[in-house]
Amino acid sequence: MIKIPNNNEHKPSYQEKIWHVVSMIPKGKVATYGQVAELAGLPQMARAVGRTLSKLPKDTELPWFRVINAKGKISFPVDSEAYLRQKDLLAEEDITLLNGKVNLKSHQWIP
DNA sequence: TCCTTGACGGAGA
DNA sequence: ATCTCCGCCAAGG
């Protein structure tokens, strides 16, 4: 039988792995891009996580806002709408910013 | 195919 | 704590 030069997926599977990991981050906790990449089995690909999240539909159910950078900061310009949106969504889970940073010590998700 | 761009991270200075 | 520089690598021009 003729083999279709591709799988039925039109998108790279790594995105699905990332979606899965992000969906597991519990409410009230956060994970870093690098952490998500590692848990997804994609070490050294933190940027792929950011790329994937940037393509999510506006009405996604994925808790993308629980993903922040390794410094505990939100990876958007502080004067952007996106920054405020993420900050508010986190605040709803009692994750507040101190000096622009989340206290990873107490809020980082440890699987 | 080559070059640039990132919702990144870590090591130095 | 802040700033640079460099490694990583998929996507899009």
Side-chain angles (χ1 to χ4, degrees):
Chain A
M1 113 183 232
I2 300 176
K3 175 109 174 151
I4 295 177
N6 198 332
N7 8 353
N8 3 357
E9 298 302 325
H10 292 196
K11 298 177 181 179
S13 61
Y14 76 82
Q15 288 192 152
E16 294 180 3
K17 295 180 180 176
I18 290 172
W19 293 333
H20 184 252
V21 172
V22 173
S23 74
M24 297 196 291
I25 305 173
K27 182 180 181 186
K29 290 292 178 181
V30 297
T32 67
Y33 293 92
Q35 181 183 4
V36 171
E38 196 168 307
L39 290 171
L42 305 167
Q44 300 306 305
M45 287 203 250
R47 302 189 93 130
V49 175
R51 222 181 11 258
T52 298
L53 297 188
S54 74
K55 294 175 181 170
L56 291 174
K58 182 183 173 186
D59 61 358
T60 183
E61 292 182 44
L62 243 65
W64 57 270
F65 54 88
R66 294 180 187 145
V67 183
I68 58 182
N69 69 33
K71 302 180 189 62
K73 298 191 192 171
I74 288 175
S75 295
F76 283 119
V78 288
D79 57 6
S80 66
E81 268 304 309
Y83 181 94
L84 286 179
R85 208 158 54 242
Q86 184 164 14
K87 175 173 130 2
D88 291 342
L89 286 167
L90 288 174
E92 287 176 33
E93 304 189 343
D94 292 307
I95 297 173
T96 57
L97 301 183
L98 180 57
N99 295 318
K101 307 178 302 189
V102 167
N103 184 326
L104 289 176
K105 265 298 219 186
S106 56
H107 294 99
Q108 181 165 30
W109 174 42
I110 310 293

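These values consider heavy atoms only, across backbone and side chains, with no hydrogens, waters or symmetry-generated copies. First the proteins, then the strands, lettered A, B, ... as listed; each starts at 1.
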Rounding to an integer number of Å, can you tell me how far [X] [atom1] sits from [N] [atom2]?
| X | N | atom1 | atom2 | result |
| --- | --- | --- | --- | --- |
| A:Met45 | C:dC9 | CE | C1' | 8 Å |
| A:Ile18 | B:dA7 | CD1 | C1' | 12 Å |
| A:Gln15 | C:dC9 | CD | C1' | 14 Å |
| A:Phe76 | B:dG6 | CZ | C1' | 12 Å |

Q) A:Lys101 near the nucleic acid: base, sugar-phosphate alone, or nothing, with a heavy-atom cut-off under 4.0 Å? A) sugar-phosphate

Q.
By the definition side chain to side chain contact (heavy atoms under 4.5 Å, CB included), identify the one residue from A:Leu89, A:Val30, A:Ile68 that meets it with A:Ile95.
A. A:Val30

Look up atom [atom1] in [X] and atom [atom2] in [Y], then write down how far apart they are to the nearest 0.5 Å.
| X | Y | atom1 | atom2 | value |
| --- | --- | --- | --- | --- |
| A:Glu38 | A:Gln44 | CD | CD | 8.5 Å |
| A:Thr52 | A:Tyr14 | OG1 | OH | 4.5 Å |
| A:Arg85 | A:Ile74 | CZ | CD1 | 11.0 Å |
| A:Ser23 | A:His20 | OG | NE2 | 5.0 Å |

Q. Which residue lies toward the 5' end of DNA chain C, A:Lys55 or A:Gln44, if each is placed at its nearest nucleotide?
A. A:Gln44

**Q.** Non-hydrogen atoms of A:Leu90 and A:Arg66 that approach each other most closely
**A.** CD2-CA, 4.3 Å

Q: Starting at the 5' end of nucleotides 8-13 of chain B, put B wherever the base has a protein heavy atom under 4.0 Å, S where only the sugar-phosphate does, and a dash everywhere else.
A: BSS---

Q) Hey, is the side chain of A:Tyr14 poking within less than 4.0 Å of OP1 or OP2 on C:dC8, counting only N and O atoms? A) no

